A.B. asks: 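A single structure is presented below for examination.
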Amino acid sequence: MANITTYDFIDSNKRKTMWLMILFPVSLVVLVYLAILLVSFMSPSGASYSSLDVANRLAIQILPIISAIAIAWILISYFFGQKFILSAAGAVEITMQTAPEIIRIVENIAITAGLPMPKVYVINDESLNAFATGRDPEHSYIALTKGIINKLEKPELEGVIAHEMAHIGNRDIRLMLIMVVCISFATIAAEILLRIGLSKGRSSGGKKGGAQLLFIALALALYLYGYLVAPLIKFAVSRTREFQADATAALLTRNPEGIANALRKISKSPVVQSLKDRETMAAMCIESPLPLDKRNSFFAKLSGLFATHPPIEERIKALMTMDGYRN
């Protein structure tokens, strides 16, 4: 890791973001086609070759629409995804008039890092957590919980803000923005299609027609993307990004002890009420905002969905090895 520079991280994140923007519509189309194929074989249509023919004709009609929706959602995610994320977190913007001390800290660190001043938001929660989002340093946002502002000493809070500023500088925020919003789109769309499919079943007296099967199959395809394919994509999000952000924070503040002490306190109370049921957003935070039961569930371990943060102890140990730091 010693030979990896900030520029390497930036280039890597740019490549990963590009691939994610390509893979989202492609993998979605493949899953939808498989769902159509499944419906065609389940429907009474005689020989298998005729079922394949039906599936192909149906795919020609549906897949262009799915592709267009996926591409449109990628663009929406890129330009407006941060609004969805900040709204989901219940974050409210603060300014120099409403919170001058916090804004001054962010301004000073932004100047030190050579980055534009991000907009700053506060989440009304007494837990200790934070995240950064946006599509680039010129359009970036930092969100801090009320608890992290009130309960950390100034050097510790500076370390947290510098950590999030590092994510902005490394372009981690763009990769996470696209990933989080795309996964959320898949799971929300799956729920809508499933409800439509089930309502069609009720209106037809419980008989499963081709339309109902199609809606249920499409919902299944989107669920598979949201809960199985997307976690595999998350493996592309290197856990070294947190070590890199911690190290950058220590360098920006010239105080490794500040971020190390902040991490110790954060680890005791990271669960954010507005985020505890939003698994897709966990990877954005300085520490997972999810309850322990969700982080340690069988599904979490099977999918690797939440394995995006190295243990706090390892991060603190890495900070302790930096020159000039003594525990």
Side-chain angles (χ1 to χ4, degrees), residues 23-48 50-77 80-81 83-85 87-90 178-233 273-282 290-291 293-294 297-300 302-303 305:
L23 286 174
F24 172 66
V26 171
S27 57
L28 200 56
V29 164
V30 170
L31 283 173
V32 169
Y33 176 74
L34 292 176
I36 294 171
L37 199 60
L38 177 64
V39 169
S40 300
F41 276 92
M42 288 176 65
S43 300
S45 57
S48 60
S50 62
S51 297
L52 182 60
D53 188 52
V54 169
N56 288 335
R57 287 203 303 269
L58 195 56
I60 289 172
Q61 296 174 347
I62 294 177
L63 292 185
I65 298 172
I66 296 293
S67 301
I69 292 173
I71 292 170
W73 191 254
I74 284 283
L75 295 174
I76 291 170
S77 302
F80 304 106
K83 292 185 178 180
F84 166 82
I85 289 170
S87 175
I178 298 297
M179 185 174 66
V180 167
V181 181
C182 286
I183 295 172
S184 299
F185 163 77
T187 52
I188 292 170
E191 290 177 8
I192 293 171
L193 289 171
L194 184 60
R195 287 176 186 174
I196 293 172
L198 294 176
S199 66
K200 282 185 174 292
R202 286 192 293 269
S203 63
S204 62
K207 295 179 181 179
K208 287 185 172 65
Q212 184 196 10
L213 283 173
L214 180 60
F215 278 113
I216 292 175
L218 289 175
L220 177 61
L222 288 166
Y223 273 126
L224 284 172
Y225 179 85
Y227 289 110
L228 294 179
V229 176
L232 294 177
I233 293 174
Q273 289 299 310
S274 60
L275 299 178
K276 69 177 185 178
D277 295 319
R278 298 185 179 274
E279 294 92 338
T280 55
M281 292 177 62
L290 303 173
D293 59 336
K294 287 199 173 183
S297 68
F298 172 75
F299 173 71
L302 178 67
S303 65
L305 185 60

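Just so you know, these numbers come straight off a predicted model, no measurement behind them.
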A.B. asks: Do E191 and Y223 touch side chain to side chain, with heavy atoms closer than 4.5 Å?
C.D. replies: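 Yes, side chains in contact.
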A.B. asks: Can you measure from CG (L222) to CD1 (I66) and round to the nearest 0.5 angstrom?
C.D. replies: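 If I round to the nearest 0.5 Å, the distance is 7.0 Å.
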A.B. asks: Check A217 against A35 and note the closest heavy-atom contact, atom names and distance.
C.D. replies: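 Scanning both residues completely, I find the closest heavy atoms to be O-CB, 3.3 Å.
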A.B. asks: So, taking the atom named CG in L31 and the one named CG in L220, what distance separates them when rounded to the nearest 0.5 Å?
C.D. replies: 9.0 Å
A.B. asks: Working to the nearest 0.5 angstrom, can you tell me the gap between I76 CD1 and I71 CD1?
C.D. replies: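 One gets 12.0 Å once the value is rounded to the nearest 0.5 Å.
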A.B. asks: Are N56 and Y33 side-chain neighbours, meaning at least one heavy-atom pair lies under 4.5 Å?
C.D. replies: yes
A.B. asks: For the residue pair V181 and F84, what are the closest heavy atoms and their distance?
C.D. replies: CG2-CD2, 4.2 Å
A.B. asks: Supply the atom-to-atom distance I60 CD1 to I62 CD1, rounded to the nearest 0.5 angstrom.
C.D. replies: 11.0 Å
A.B. asks: Using only atom types and a distance under 3.5 Å, with no angle test, would you say the side chain of W73 pairs donor to acceptor with the backbone of P25?
C.D. replies: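 No: the side chain of W73 does not pair with the backbone of P25.
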A.B. asks: If I take atom OG from residue S77 and atom CD1 from residue I85, how far apart are they, to the nearest 0.5 angstrom?
C.D. replies: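 Rounded to the nearest 0.5 Å, the OG-CD1 separation comes out at 8.5 Å.
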A.B. asks: Rounded to the nearest 0.5 Å, what's the gap from CD1 on I74 to CG on L28? Could you check?
C.D. replies: 9.5 Å
A.B. asks: For the residue pair L290 and K276, what are the closest heavy atoms and their distance?
C.D. replies: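 Between these two residues, the closest heavy atoms are CD2-O, 3.4 Å.
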